[in-house]
Amino acid sequence: MRELEEALRDWERYQRIPKKQFLQDRDTQNMVHHAMLLSIQSALDIATDVIAEERLRKPFTYRETFEVLAGEGIIPESLARDLSNLAGFRNVLVHIYWNLDLKQVYAILQHDLTVLRTFSVVMKEHVSESDSADPGGFF
């Protein structure tokens, strides 16, 4: 959770980068891509930990990870859809990085931070509830 929070703070700070600078400066692009990748991967790692800890159905893809949580009522369906889209974007960042649509990346930078912030809040509540029910702890 700490890694997610730190990456989200970076993401929020990078939202202030002017579009022109982002589109023209490779170092800025790399910095933003890294923060986005860490944020999304941290959310995936948290989701995977919850799935393993609660012995839920194993997802076959990163996208499906959030669908499993939604299917169990842990996160809302709409949040799962948005997170699944970000998981798909994570795959593009990792596997098709040479062909990124930088305008689309900038749009995601500007608009999708709230998805991950919402996930963080929901998961903190879920973990807190789980810890209350099981004093042995969650993570």
Side-chain angles (χ1 to χ4, degrees):
M1 293 293 282
R2 183 178 21 237
E3 182 61 42
L4 176 59
E5 291 303 317
E6 289 176 11
L8 293 179
R9 280 193 294 276
D10 291 340
W11 184 319
E12 182 175 28
R13 205 171 56 251
Y14 298 158
Q15 285 179 322
R16 294 189 293 267
I17 295 171
K19 186 175 185 177
K20 183 177 180 182
Q21 177 185 342
F22 176 76
L23 295 175
Q24 293 178 349
D25 184 48
R26 185 171 171 85
D27 289 337
T28 300
Q29 293 164 15
N30 289 336
M31 182 177 67
V32 169
H33 295 162
H34 185 71
M36 295 172 98
L37 178 61
L38 283 179
S39 299
I40 298 165
Q41 188 62 52
S42 295
L44 283 161
D45 292 344
I46 291 165
T48 302
D49 285 349
V50 168
I51 289 168
E53 183 71 27
E54 297 187 15
R55 294 178 175 82
L56 305 177
R57 176 178 63 84
K58 184 179 178 194
F60 292 104
T61 66
Y62 279 140
R63 283 179 168 272
E64 191 180 356
T65 302
F66 299 111
E67 295 169 11
V68 170
L69 294 182
E72 294 293 326
I74 296 171
I75 64 174
E77 292 283 339
S78 60
L79 181 59
R81 265 190 313 278
D82 291 342
L83 288 164
S84 291
N85 288 337
L86 284 173
F89 174 66
R90 173 242 177 249
N91 292 340
V92 171
L93 279 174
V94 170
H95 300 294
I96 311 174
Y97 54 86
W98 65 88
N99 196 26
L100 288 172
D101 178 343
L102 293 176
K103 290 179 182 176
Q104 181 183 20
V105 173
Y106 192 80
I108 292 168
L109 172 69
Q110 296 304 317
H111 301 291
D112 287 1
L113 176 63
T114 57
V115 172
L116 290 164
R117 285 228 184 270
T118 301
F119 175 75
S120 178
V121 168
V122 170
M123 294 314 297
K124 283 178 188 173
E125 290 171 1
H126 179 75
V127 169
S128 176
E129 290 170 7
S130 296
D131 284 348
S132 299
D134 177 14
F138 201 89
F139 291 105

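What you see below is based on every heavy atom in this structure, not just the backbone, and it leaves out hydrogens, waters and symmetry mates.
Put simply, CG on N91 and OG1 on T61 are 8.0 Å apart, with the number rounded to the nearest 0.5 Å. Between atom CD1 of residue I75 and atom CG of residue L83 there is a gap of 5.5 Å, rounded to the nearest 0.5 Å. We find the CG-CG distance between L113 and L8 to be 5.5 Å, quoted to the nearest 0.5 Å. Put simply, CD1 on I46 and CD on E53 are 14.0 Å apart, with the number rounded to the nearest 0.5 Å. Atom CH2 of W11 is separated from atom NE2 of H34 by 13.0 Å, given to the nearest 0.5 angstrom. The line from NZ of K103 to CG of L23 is 7.0 Å long, rounded to the nearest 0.5 Å.
Here the side chain of S128 pairs no donor or acceptor atom with the backbone of K124 at under 3.5 angstrom.
In terms of hydrophobic clustering, with Ile, Leu, Val, Met, Phe, Trp and Tyr side chains grouped at heavy-atom distances under 4.5 Å, Y62 and V92 are assigned to a common cluster. Side-chain heavy atoms closer than 4.5 Å link hydrophobic residues (I, L, V, M, F, W, Y) into clusters, and following such links, even through other members, never connects L38 to I17. With hydrophobic clusters built from ILVMFWY side chains whose heavy atoms lie under 4.5 angstrom apart, V105 shares a cluster with I96.
In this structure, Y106 and P18 approach most closely via the heavy-atom pair OH-C, 3.7 Å. Between Y14 and L109, the shortest heavy-atom contact is O-CD2, 3.6 Å. The shortest non-hydrogen separation linking A70 to A80 is CB-CB, 3.5 Å. Here the closest non-hydrogen pair linking S39 and A7 is OG-CB, 3.2 Å. The heavy-atom pair separating R90 from Q41 by the smallest distance is NE-OE1, 2.7 Å. Annotation for G71 and E77: closest pair N-OE2, 4.4 Å, computed over non-hydrogen atoms.
Residues L102 and H33 meet the side-chain proximity criterion, which asks for heavy atoms closer than 4.5 Å. Counting heavy atoms from C-beta on, the side chains of M123 and L4 never come closer than 4.5 Å. Counting only heavy atoms from C-beta outward, the side chains of L56 and I74 approach each other to under 4.5 Å. The shortest side-chain heavy-atom distance between V127 and M1 does not fall under the 4.5 Å cut-off. At a threshold of 4.5 Å between non-hydrogen side-chain atoms, the residues Q21 and Q29 do not count as touching. Side-chain contact between E67 and P59 is absent, with no heavy-atom pair separated by less than 4.5 Å.
Using modelled atom types and a 3.5 Å distance limit, the side chains of E72 and H126 yield no donor-acceptor pair.
L116 pairs with exactly one of D82, L86, L79 by the side-chain contact (heavy atoms from CB on, under 4.5 Å) rule, that one being L86.
Taking the six-membered ring where tryptophan is involved, the planes of F66 and F119 are perpendicular, since the angle between them exceeds 60° and thus also 30°.
Applying the ring-ring contact (aromatic ring centres under 6.0 Å, His included) definition to pairs two or more places apart or across chains, none involves residues 68-95.
Contact check on E64 versus R57 returns a salt bridge, with a Lys/Arg side-chain nitrogen under 4.0 Å from an Asp/Glu carboxylate oxygen.
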